[in-house]
Undergrad: 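Can you keep this structure in mind? I'll have questions shortly.
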Amino acid sequence: MKIYVNKKGEIKDVHSTTNTTLQEIEIPDDNNPFEGWSDVRICCFRAEMKNGNLDYAPYIDTRIIDYMDRLSQQNISAQAQIDYIAMMTDIEM
């Protein structure tokens, strides 16, 4: 799996990106802590590769992460709702 982080280590894209300012981190399949997670949930975390190990932690309140993740799995304009949450919490997604 590949993730793409900004200068603060915030994950901004998963699997691929067109944003050339992001740094790619490749996570081995046998050591992927994000296995089974939605892209929305993954993009709520910071990540950094240290000595071959992935160090990661949320940078968004976990209560908001759960809500955003649930919305992303619904088929009712989830992106608009996620954008609204990001705007109201001043989070850059």
Undergrad: Kindly write out the residues that satisfy side-chain contact (heavy atoms from CB on, under 4.5 Å) with T62, not counting sequence neighbours, or none if the list is empty.
TA: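 Residues passing side-chain contact (heavy atoms from CB on, under 4.5 Å) with T62: P58, I65.
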
Undergrad: Near N19 CG, under 6.0 Å, is it more than 12 heavy atoms from other residues, nucleotides or ligands?
TA: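 Count over threshold, so yes.
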
Undergrad: If you define the side chain from C-beta out and look only at heavy atoms, does anything of I27 sit under 4.5 Å from P33?
TA: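 The answer is yes, as the side chains (C-beta and beyond) meet within the 4.5 Å cut-off.
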
Undergrad: Could you state the interatomic distance from CD1 (I3) to CG (N32), rounded to the nearest 0.5 Å?
TA: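 Reported value, rounded in 0.5 Å steps: 8.5 Å.
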
Undergrad: List the steps and the verdict of side chain to side chain contact (heavy atoms under 4.5 Å, CB included) for I11 and Y56.
TA: CA-CA 10 Å; I11 301 171; Y56 67 99; 5.9 Å; no

Undergrad: So, using side-chain contact (heavy atoms from CB on, under 4.5 Å) as the criterion, who are the partners of D66 when residues are at least two apart?
TA: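 Partners of D66 under the side-chain contact (heavy atoms from CB on, under 4.5 Å) test: R41, R70.
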
Undergrad: For L54 and A47, which heavy atoms make the closest approach, and how far apart are they?
TA: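 Closest heavy-atom pair between L54 and A47: CD1-CB, 3.9 Å.
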
Undergrad: How long is the gap from CH2 on W37 to SG on C43, to the nearest 0.5 Å?
TA: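 One gets 11.5 Å once the value is rounded to the nearest 0.5 Å.
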
Undergrad: For residues R46 and V5, determine if any side-chain heavy atom of one lies less than 4.5 Å from a side-chain heavy atom of the other.
TA: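 The answer is no; the side chains never approach within 4.5 Å.
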
Undergrad: Restricting to side-chain contact (heavy atoms from CB on, under 4.5 Å), what partner residues turn up for E24, sequence neighbours left out?
TA: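 E24 satisfies side-chain contact (heavy atoms from CB on, under 4.5 Å) with K2, Y4, E26 only.
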
Undergrad: Please answer: with hydrophobic residues joined when any side-chain heavy atoms are less than 4.5 Å apart, are L22 and M49 in the same cluster?
TA: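 No, it is not one cluster - the side chains of L22 and M49 are not joined through contacts under 4.5 Å.
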
